[in-house]
2 protein chains.
Amino acid sequence: MGEQHLVTIKDISRRLKISVSTVSRALRGGTEIKKETRELVRQVAAELNYQPNSIALSLKEKRTKVIGVIVPEIANNFCSSTIAGIEEIAYSRGYYVTIFQSHERYGREVTNTQLLTARRVDGVIISVSNETNRYDHLLNLIQKDIPLVMFDRVCSEINTHKVVVNDYAAAFNATEHLIKQGHTDIAHITIADFLSITQNRKKGYEDALKKYKIPAGKRRTVHCSFDAKEMDRAIRAIFNSPNRPTAILASVERIAIACLTVLKEMNLSIPEDVAIIGFSDNPLNNILKPSLSCIRQPTYEIGKKSAELLIDLIEQKGAGKKFHTVQLDTVMDIMESSVFERKN
Amino acid sequence: MGEQHLVTIKDISRRLKISVSTVSRALRGGTEIKKETRELVRQVAAELNYQPNSIALSLKEKRTKVIGVIVPEIANNFCSSTIAGIEEIAYSRGYYVTIFQSHERYGREVTNTQLLTARRVDGVIISVSNETNRYDHLLNLIQKDIPLVMFDRVCSEINTHKVVVNDYAAAFNATEHLIKQGHTDIAHITIADFLSITQNRKKGYEDALKKYKIPAGKRRTVHCSFDAKEMDRAIRAIFNSPNRPTAILASVERIAIACLTVLKEMNLSIPEDVAIIGFSDNPLNNILKPSLSCIRQPTYEIGKKSAELLIDLIEQKGAGKKFHTVQLDTVMDIMESSVFERKN
DNA sequence: TTGTAAGCGTTATCAG
DNA sequence: CTGATAACGCTTACAA
């Protein structure tokens with residue numbers, strides 16, 4: 001049982017007593033072959049359930065039709081949805097996707113890029129680990145002429161296509177939405193200031209307030225640690241302060257959830273007492289509505305766009321490369337009813 | 001810019017004016033080589049940043065060190081966590097993981113298995129689409145001597161290693177937990193009866209009730225459609241009935257969430273009026289506590305176990321194959337406080 | 001200790 | 001129209 005050896009072009013040639021080159025031609029080739037021969041070959045091929053060996057092809061053609069993807073963690077909705085998008089496009093264009101996790105470790109990311117080049121992947125899509133602040137491994141890829149696309153966590157040090165989310169617009173629109181609903185006291189709770197996403201979101205928040213001439217005194221951004229306890233304390237402080245905001249723009253899902261929890265504990269109702277809009281990618285967050293309005297990242301689109309850019313890059317390798325950064329828009333999942341509408 | 005051609009063993013041999021076989025030996029080989037030569041070769045290899053071409057190796061050794069994974073949807077927490085586990089083990093044992101989605105389509109699943117064999121993957125891990133009721137494509141793999149492991153959605157028609165969750169025990173334990181908390185009126189809401197998970201969970205539920213001698217009249221399993229509206233109606237009917245149960249065992253996450261929603265609308269408090277335990281894999285479900293106690297599937301372990309079994313299979317290919325089904329236990333995430341404790 | 005040559009499965013080139 | 005041959009990068013008998 002078991003065929004022991006997968007059928008090759010050679011088997012067909014032996015069976016038909018013709019040369020392998022004829023078989024090869026019959027299978028792919030153009031016109032330079034007698035119709036009957038071709039038919040015969042195809043028939044036998046089908047019969048034997050022949051499948052071309054893509055490894056051999058890869059060796060010959062010096063391309064693998066494989067795209068390598070490096071992400072921090074697959075089991076993270078953002079990453080997995082993005083990969084789904086990548087896979088979708090790759091599949092439709094005849095490419096395969098190989099996945100690697102960096103587990104947020106720089107070292108592992110480096111190893112992964114090495115494995116990828118050893119595998120001779122045709123291109124790489126990466127979202128770097130949060131430990132990564134050196135980029136030699138990526139430069140290495142580029143130097144080896146392996147096309148690279150970065151998404152989400154990108155860096156200015158590398159010159160290549162990048163796909164990111166328009167954080168500025170997302171924060172701006174969310175804040176504007178709150179203002180239009182009558183809020184004038186909106187706090188922005190966010191994480192470490194040095195991250196680009198933090199800065200962009202903050203800028204969007206501030207610009208919206210400025211546009212609507214909200215006094216600078218009511219413009220408050222609170223940076224808090226990603227550590228659960230510290231985050232909790234910071235949030236508690238905000239809600240306990242005498243001038244409690246009527247709305248919150250939460251910069252990351254975890255903050256949004258923490259706000260929900262704290263407010264519940266304080267017996268404040270959401271959104272009647274405090275409205276919350278938070279960045280959140282979890283499909284389950286639907287069930288939180290109307291407590292929480294969410295800013296969803298277009299993860300699937302990020303994946304699709306990244307794959308498209310990469311494959312284009314792969315297929316016109318020689319061409320003059322102009323790299324650009326694509327900004328995709330977020331989607332706001334607004335709860336049906338809002339504070340002020342309700343009070344009417 | 002760009003090296004044009006990745007450095008090969010040949011480049012090293014030319015550089016050193018020795019034969020390729022010597023280089024090869026220096027790089028892998030045992031003792032049959034002069035120390036100095038080896039050092040020299042290694043040095044040059046490092047200098048040129050040589051990386052063995054795994055495509056060539058694959059062709060020669062007739063193995064790719066690639067594991068193919070087919071899942072319905074990557075962007076599904078169950079699948080992506082499982083893949084994470086697979087990747088983890090694969091990585092540690094020198095394998096790569098290539099991902100395919102079936103999008104719950106039988107046709108696409110078949111195509112995927114074909115692509116996988118064309119790629120000459122060393123083995124395949126699959127969770128079949130819910131459309132899949134023919135298994136020729138899987139038999140085909142086995143016939144081609146490509147090891148196969150199934151997880152979660154398995155089928156009896158295929159004889160191979162399988163990794164599933166112990167649904168029976170999960171349902172039994174959850175039900176027992178509710179009983180120990182004083183509930184005697186527990187309803188089981190579940191989906192289509194023909195699925196194996198449904199049957200196993202139902203059996204677990206029933207056996208727990210029997211063990212504690214709950215009268216048969218209070219043993220009620222309601223099957224409802226997976227369609228949102230119909231599900232909603234079925235659930236509403238249960239809670240509106242004069243003999244409303246005091247606890248619910250929800251067979252799938254969607255049902256659990258639907259219960260939460262309906263109960264909220266009816267102004268019934270959870271878990272004071274009705275306690276709910278539901279199967280749910282979403283990491284976000286933590287925020288639902290204490291409303292919902294969850295039965296979590298050990299997704300990561302499923303992936304790890306599947307990969308281990310597969311790689312073992314790959315590496316002792318000839319050996320006598322005894323296939324078995326591994327049942328992994330679920331984890332109950334019980335809310336801290338429960339109905340009856342609270343009422344005290 | 002080192003080199004030569006064959007072979008893994010294909011395709012392309014060049015003769016016939 | 002068809003067949004022999006080289007080549008892709010590497011390993012491994014077998015010779016030297």
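In the text below, chain A, chain B and the rest are named by the order of the sequence lines, each starting its count at 1. What you are looking at is a predicted structure, and each value in this text was computed from that prediction instead of being measured.
Judged by distance alone with a 3.5 Å cut-off, a donor-acceptor contact links the side chain of A/Ser21 to the base of D/dA4. For a distance-only test at 3.5 Å, the side chain of A/Arg25 qualifies as a donor-acceptor partner of the base of D/dG3. You won't find any donor-acceptor pair under 3.5 Å spanning the side chain of B/Ser24 and the base of D/dT11, going by distance alone.
Taking only side-chain atoms of A/Leu57, from C-beta outward, the nucleotide of C/dT1, C/dT11, D/dC10 with the closest atom is C/dT11. Side-chain proximity of A/Ile18 to D/dC10, C/dT10, D/dG3: nearest is D/dG3. With D/dT11, C/dT2, D/dT2 as the choices, the nucleotide that has an atom nearest any side-chain atom of A/Ile33 turns out to be D/dT2. Side chain of B/Glu61, nearest nucleotide from C/dG9, D/dT11, D/dC10: D/dT11.
Of the options B/Thr117, B/Val121, B/Leu115, a side chain to side chain contact (heavy atoms under 4.5 Å, CB included) to B/Arg119 is made by B/Val121 and by none of the others.
Taking only side-chain nitrogens and oxygens, A/Ser58 never comes nearer than 4.0 Å to OP1 or OP2 of D/dC8. Using a 4.0 Å cut-off, no side-chain N or O of B/Lys10 falls inside it from OP1 or OP2 of D/dA7. Dashed line: the shortest gap from a side-chain N or O of A/Lys62 to OP1 or OP2 of D/dA7 is not under 4.0 Å. Within the structure, a side-chain polar atom (N or O) of B/Thr22 is placed less than 4.0 Å from OP1 or OP2 of C/dG3.
Judged by distance alone, the side chain of A/Gln51 and the main-chain N or O of B/Gln114 form a donor-acceptor pair under 3.5 Å. A donor-acceptor pair under 3.5 Å is formed between the side chain of B/Gln101 and the backbone N or O of B/Ile74.
When the C1' atom of D/dC10 is taken as reference, atom CD of B/Gln51 falls 15 Å away, rounded to whole Å. Between B/Asn53 atom CG and C/dC8 atom P the separation is 18 Å, expressed in whole Å. Nucleotide D/dT11 holds its C1' atom 14 Å from the CD1 atom of B/Ile12, rounded to whole Å. Atoms CZ (A/Arg38) and C1' (D/dT2) sit 14 Å apart, rounded to a whole Å. For the pair A/Lys17 NZ and D/dG3 C1', the interatomic distance rounds to 16 Å; values are reported in whole Å. Protein atom CD1 of A/Ile9 is 17 Å distant from nucleotide atom P of C/dG7, rounded to whole Å. C/dG9 atom P lies 15 Å from atom CZ of A/Arg28, rounded to whole Å.
Contact check on A/Arg63 versus A/Glu315 returns no salt bridge, with no Lys/Arg side-chain nitrogen under 4.0 Å from an Asp/Glu carboxylate oxygen.
The aromatic rings of A/Phe100 and B/Tyr96 sit perpendicular to each other, their planes meeting at more than 60°, with 30° as the lower class boundary.
Within 4.0 Å of A/Ile55, counting heavy atoms only, lies no atom of the nucleic acid at all. Counting any heavy atom pair closer than 4.0 Å across all strands shown, A/Leu59 reaches a base atom.
Checked by atom type, the side-chain pair B/Thr98/A/Thr98 shows a donor-acceptor distance below 3.5 Å.
Residues B/Lys60 and B/Lys35 both approach DNA chain C. Their nearest nucleotides, taken by heavy-atom distance, put B/Lys35 toward the 5′ side.
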